Amino acid sequence: MSDEDQGGWTRVRSRLRAEVGDDVYSSWFARMDLEAIEEGTVRLSVPTRFLKSWIQNHYAERVLACWQAEDNKIGRIELTVRSAVLKSTVAPKPRPEIAAGVNDGSNRYNGNSSGRAMSVGDPGVHEALGGSPLDARLSFDSFVIGRSNTLAHAAAKQVAAARRTDPVMFNPLYIHAGVGLGKTHLLQAITWAGNAAGERKVLYLTAEKFMYGFVSALRTQTALAFKEALRGIGVLVIDDLQFLQGKSTQAEFCHTLNALIDAGRQVVIASDRPPSDLESLDDRVRSRLAGGLVVEMGSLGEELRLEILKVRVLAARAYHPTFDVPLPVLAYIAKTVTHNGRDLEGALNRLLAHNKLTGHPVTLEMAEREVRDLIRPQEPKRVKIEDIQRVVARQYNVSRSDLLSSRRTANVVRPRQVAMYLAKTLTLRSLPEIGRRFGGRDHTTVLHAVRKIEGLVGNDMSLAEEIELLKRQLQE
Ligand code: ADP
Ligand code: MG
C-alpha cells in the first residue's frame, strides 16, 4: 500500500473521530485497519464479526462519506473480518462480505440515500433518545456463565435473539442480584446483541434516566421525534429499578410498563431485590413485575471468578499485549477477592497499572501487596424478611401466620416484636416496608417493637443471647 493511501487513511480516521466523537470512535473504529484501495473500493478490516456487523449496520455510510470527502473517486467500502493470526500481507485477499456502496454515479454522499430510519442501536442515537450510555465491553461474549447465573443468562439470550414476530415468552424479565454480580453486564449485553441483530430495537435506561429523561420527554407533547422513536422500541431495558422514586414517576412507569407489555413489547428489568421487596411501589406494579419471569443471580463462585479474570486478562491484552498474569496469581485473586465483579476488575486494573508503570512482571508477591485492601471477610449474607419470620416462628413455636396476624396474645406479641426488630437490624428495609411485610402494620408499630426490644436486651441477658443466636442462624 502506498504512503499516500496511508496518509489518506490517517486523515479519514481523524475526520471520522471528529464526527462521531472520541467515545464512539474508540468503541468501534479504534481497531479498524485499511487493507487496500483498489478501483474506487476501499477495503477495511476489523477483528471481530460483531464489530463488522455493527459498523456495517450503523456506520457504513458515515465511513464512506468520510472517504469520499478525502477522495471523490471512492464509491464503495468493503468491510472484512481479519483473521487473528494472519496479517493482511500474507493473508489471501479478504472475501468481500459486505459492500456499502452509494453507486449512484454522483459520488456525493447523501445522508438519506439509504432511507433507513435512525437506529436506536447507534450509541449516539441511543443516547439522544434518552438511552443511558452503554459500555462496549459489556457483551455476551465477555459474560461468563456459571451456576449462579445460568438461568438469567439463558433468559437474556432468549430476549436478545427473539424476533419481532415471536410470541413473548415471559414479560417482564426481572433479574435481581446484589451489587457487582453482573446485572448491568447482562442488560447491556441484551442491548448490544438485540440491536446488532437488528430485529427489535432495544433501549437501555437506568431508573434514573427513566425518571429524568424519559419521563419528561414522554410528558412534553412536543417531543414528537422521541415519541415516534419510542413507538419503534421493541425492548425496553431498565436497570437499577430500586432507584425509581416518586409517585408521579411510578405512575408513568406503571403506564409505560402496561402499555409496552400489552402491545407485546419485551420489558427487561434489573434490581437489587425481588419485586416483593420494592418498597413504595404500589401493589399493582409489584404484581405486574412479579407476573413475568423473576430470576435471581447468586454470588459469583470461585470458579466463576477465575473464569471472569481469565476473560478480563485476554481483553486487556488487546490493548496491552505484554500484560501477562500467571495462573497462580489469578487463582489467588479468585480465591481471596470474594466480593463481586467490580472488585475483581479493580484488582486486575491495579496489577495492570503496576505492571505498566514499573515494567515489573506480575508475581504473586506483587499481587498480594496490590490487592490487600480488596480482601475482605465474606460479605454478610443478604437476610430476607421471610427467613426472619420463619426462623423466629420456629424458635418460639408459633406459626408464621401468627406473626402476621392481628392476634395480641403475649405468646405471639413478643416473637413478632423480635422478628420486626431483626428485620430492622439485619436488612435495609424501611419501617413502612417492614410493617407491610408483617401483615400490613403501621410503621409506628414497627418502631415501637424495635424500641421495645432494644430496651429489653439491655437488661435481659437471656433475651439478648436468644437474639444473638437468632442473628447468627440467619447470617450463616
Ligand atoms: P451489577 O450491575 O449487578 O452491580 P455489573 O454488571 O456492573 O454488576 O458487574 C460488575 C463487574 O463484574 C463488571 O465489570 C462485570 O463485567 C463483571 N461481571 C459480573 N458478572 C460477570 C460475569 N458473569 N461474567 C463476566 N463479567 C462479570
Ligand atoms: Mg448495575
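By convention here, the first residue in the shown sequence is residue 1. From a predicted model like this one, the values you see are computed outputs, not experimental measurements. Every number for a ligand or one of its atoms is a count from 1 in the order of the listing.
- Residue-ligand proximity, Asn149 to ligand 1, at heavy-atom distances under 4.0 Å covers atoms 23 (N).
- No part of Asp240 comes within 4.0 Å of ligand 1, judged by heavy-atom distances.
- Within the 4.5 Å cutoff, the side chain of Val159 has heavy atoms near those of the Phe170 side chain.
- Close approach of ligand 1 to Glu345 is summarised as follows: ligand atoms under 4.0 Å from at least one heavy atom of the residue are 14 (O).
- When His185, Met297, Arg305, His153 are ranked by how near their heavy atoms come to atom 15 (C) of ligand 1, first place goes to His185.
- Under the 30°/60° scheme for interplanar angles, the aromatic rings of His354 and His360 are found to be tilted.
- Nearest protein heavy-atom neighbour of atom 24 (N) of ligand 1: Val144 N, 2.8 Å.
- Contact annotation for Ile308 and ligand 1: only side-chain heavy atoms (C-beta onward) come within less than 4.0 Å of the ligand.
- The existence of a salt bridge linking Asp277 and Lys384 is excluded, since no basic side-chain nitrogen approaches an acidic carboxylate oxygen closer than 4.0 Å.
- Close approach to Gly341 involves these atoms of ligand 1, each under 4.0 Å from a residue heavy atom: 11 (C), 12 (O).
- The pair Asp239-Lys183 fails the salt-bridge criterion, with no side-chain N (NZ, NE, NH1 or NH2) lying under 4.0 Å from an Asp/Glu carboxylate O.
- Side chains of His185 and Ser139: a donor-acceptor N/O pair is absent below 3.5 angstrom, by distance only.
- Among the atoms of Leu181, some N or O lies under 3.5 angstrom from an N or O of ligand 1.
- What sits closest to atom 7 (O) of ligand 1 on the protein, heavy atoms only, is Arg342 NH2, 3.4 Å.
- Set against the non-hydrogen atoms of Phe143, the atoms of ligand 1 under 4.0 Å away are 22 (C), 23 (N), 24 (N), 25 (C).
- Phe323 does not carry Lys356 over the face of its six-membered ring by the limits of under 6.0 Å from the centre and within 45° of the normal.
- Using modelled atom types, no side-chain atom of Asp442 and backbone atom of Pro432 make a donor-acceptor pair closer than 3.5 Å.
- In summary, the atoms of ligand 1 found under 4.0 Å from a heavy atom of Ser142, numbered by their order in the structure, are 24 (N), 25 (C).
- Contacts between Ala177 and ligand 1 below 4.0 angstrom, taking non-hydrogen atoms only, are absent altogether.
- The part of Arg312 lying near ligand 1 is the side chain, judged by heavy-atom distances below 4.0 Å.
- A salt bridge is defined here as a Lys NZ or Arg NE, NH1 or NH2 lying under 4.0 Å from an Asp or Glu carboxylate O, and Glu433 with Arg437 meets this definition.
- Between Leu186 and ligand 1, not a single N/O pair is under 3.5 Å apart.
- Using a 4.5 Å heavy-atom cutoff, the side chains of Asp272 and Val179 are not in contact.
- Here Leu138 has side-chain heavy atoms under 4.0 Å from ligand 1, and that is the only part of it that gets that close.
- If you number the atoms of ligand 1 from 1 as listed, the ones under 4.0 Å from a heavy atom of Val179 come out as 4 (O).
- Side-chain contact check for Ile308 versus Phe143: every heavy-atom pair is 4.5 Å or farther apart.
- Those atoms of ligand 1 that come under 4.0 Å of a heavy atom in Gly178, given as number and element, are 3 (O).
- If you look at Lys183 next to ligand 1, the close heavy atoms, those under 4.0 Å, come from the backbone and the side chain alike.
- Residue-ligand proximity, Thr184 to ligand 1, at heavy-atom distances under 4.0 Å covers atoms 1 (P), 2 (O), 6 (O), 7 (O).
- Remark: the Arg394 side chain and the Gln473 side chain contain an N/O donor-acceptor pair separated by less than 3.5 Å.
- Using a 4.5 Å heavy-atom cutoff, the side chains of Arg265 and Val235 are not in contact.
- Of all protein heavy atoms, the one lying nearest to atom 20 (N) of ligand 1 is Gly182 CA, 3.5 Å.
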